[in-house]
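Here's the structure we're looking at; comments come further down.
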Amino acid sequence: MSTVLSRRSLTTSAMFGLAAHVALLSMPISTSKAQGMKPIQEPITGNEELGDLSQPQQALAQFYRAFNTRDLKMMDENFAQSDEVAIDNPLGGIRRGADEPHKMYQGVFKSPADVHVEFWDYTIHRAGDVFWAVGRERGTYLDGEIVKNLNVRTTRIFQRIDGRWRQMHHHGSIEDAKLLGDYQSVVRSPAPKTPK
């Protein structure tokens with residue numbers, strides 16, 4: 001069984017790596033430079049129309065709507081139901097498996113941090129049934145009564161499954177070590193108890 005999973009993981013990793021190389025090699029130099037030099041500045045907030053989830057920007061908008069409205073059902077729909085899903089984000093560790101997005105975001109949604117983010121300064125790259133979006137998230141979270149700014153470098157990889165995009169991988173990192181520590185502390189702290 002572990003041999004099968006290892007081969008599957010290697011196949012998935014090779015697929016995403018190959019997709020990135022094919023996309024870059026098949027793109028004319030001028031197109032590659034133009035896209036690399038002109039990231040999209042209008043943010044994806046989750047407030048966009050979600051009518052056509054076969055479009056990359058709509059799949060991203062669905063994720064940010066699920067995140068900003070604390071909708072676990074929509075979050076589950078955004079991610080692929082596959083053991084090949086992998087998350088590597090500021091909350092620490094690498095999480096792998098179909099159930100991991102639900103568990104991780106459930107923890108974020110229950111935390112007292114009340115995190116809200118939007119995706120901006122991004123480019124979208126596509127090769128066949130895979131697309132990846134590379135950009136930044138900006139937003140806020142609560143640290144007690146104080147609203148703090150949040151800035152995350154973010155990459156999300158989606159695969160087209162049954163005619164629509166499903167998220168397969170997320171990588172996020174916070175450059176500022178103090179901000180990272182403060183954010184992790186608040187999100188990992190227990191939610192305040194509500195009076196009965």
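Scope of the values below: all heavy atoms of this structure, side chains included, with no hydrogens, waters or symmetry mates.
- Looking at R95, its side chain never comes within 3.5 Å of a backbone N or O of P101 through a donor-acceptor pair.
- In this structure a side-chain-to-backbone donor-acceptor pair under 3.5 Å is present from E48 to G46.
- Taking OG1 from T155 and NE2 from H170, the interatomic distance works out to 8.0 Å, rounded to the nearest 0.5 Å.
- Between W132 and F158, the distance separating the two ring centers is not shorter than 6.0 angstrom.
- N68 places a side-chain N or O within donor-acceptor distance of the main-chain N or O of T45, the cut-off being under 3.5 Å.
- In this structure, Y64 has its ring center at least 6.0 angstrom away from the ring center of F67.
- Side-chain contact, D121 with Q41: a donor N or O sits under 3.5 Å from an acceptor N or O.
- Taken to the nearest 0.5 Å, the CG atom of N78 stands 12.0 Å off from the CZ atom of R65.
- Taking the six-membered ring for Trp and thresholds of 30 and 60 degrees, H171 and H169 have ring planes inclined between 30 and 60 degrees apart.
- Ring geometry, F79 versus F63: the interplanar angle exceeds 60°, so the pair is classed perpendicular (tilted spans 30 to 60°).
- Around atom CZ of R136, no more than 12 heavy atoms belonging to other residues, nucleotides or ligands sit under 6.0 Å away.
- In this structure, a donor-acceptor pair under 3.5 Å is absent between the side chains of T69 and D71.
- Under the 3.5 Å distance criterion, with hydrogens and angles disregarded, a donor-acceptor pair is assigned to the side chains of Q167 and R156.
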Tell me which donor-acceptor pairs under 3.5 Å the side chains of residues 175-183 have, and how far apart each pair is, sequence neighbours excluded?
from : atom 1 : to   : atom 2 : distance (Å)
E175 : OE2    : R153 : NE     : 3.2
D176 : OD1    : K178 : N      : 2.9
D176 : OD1    : L179 : N      : 2.9
K178 : NZ     : D182 : OD2    : 2.9

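- Residues passing the side-chain hydrogen bond (donor to acceptor under 3.5 Å, both in side chains) test with R164 are Q62, sequence neighbours excluded.
- Evaluation of the salt bridge (charged side-chain N to carboxylate O under 4.0 Å, His left out) rule for D99 yields no partner, not counting sequence neighbours.
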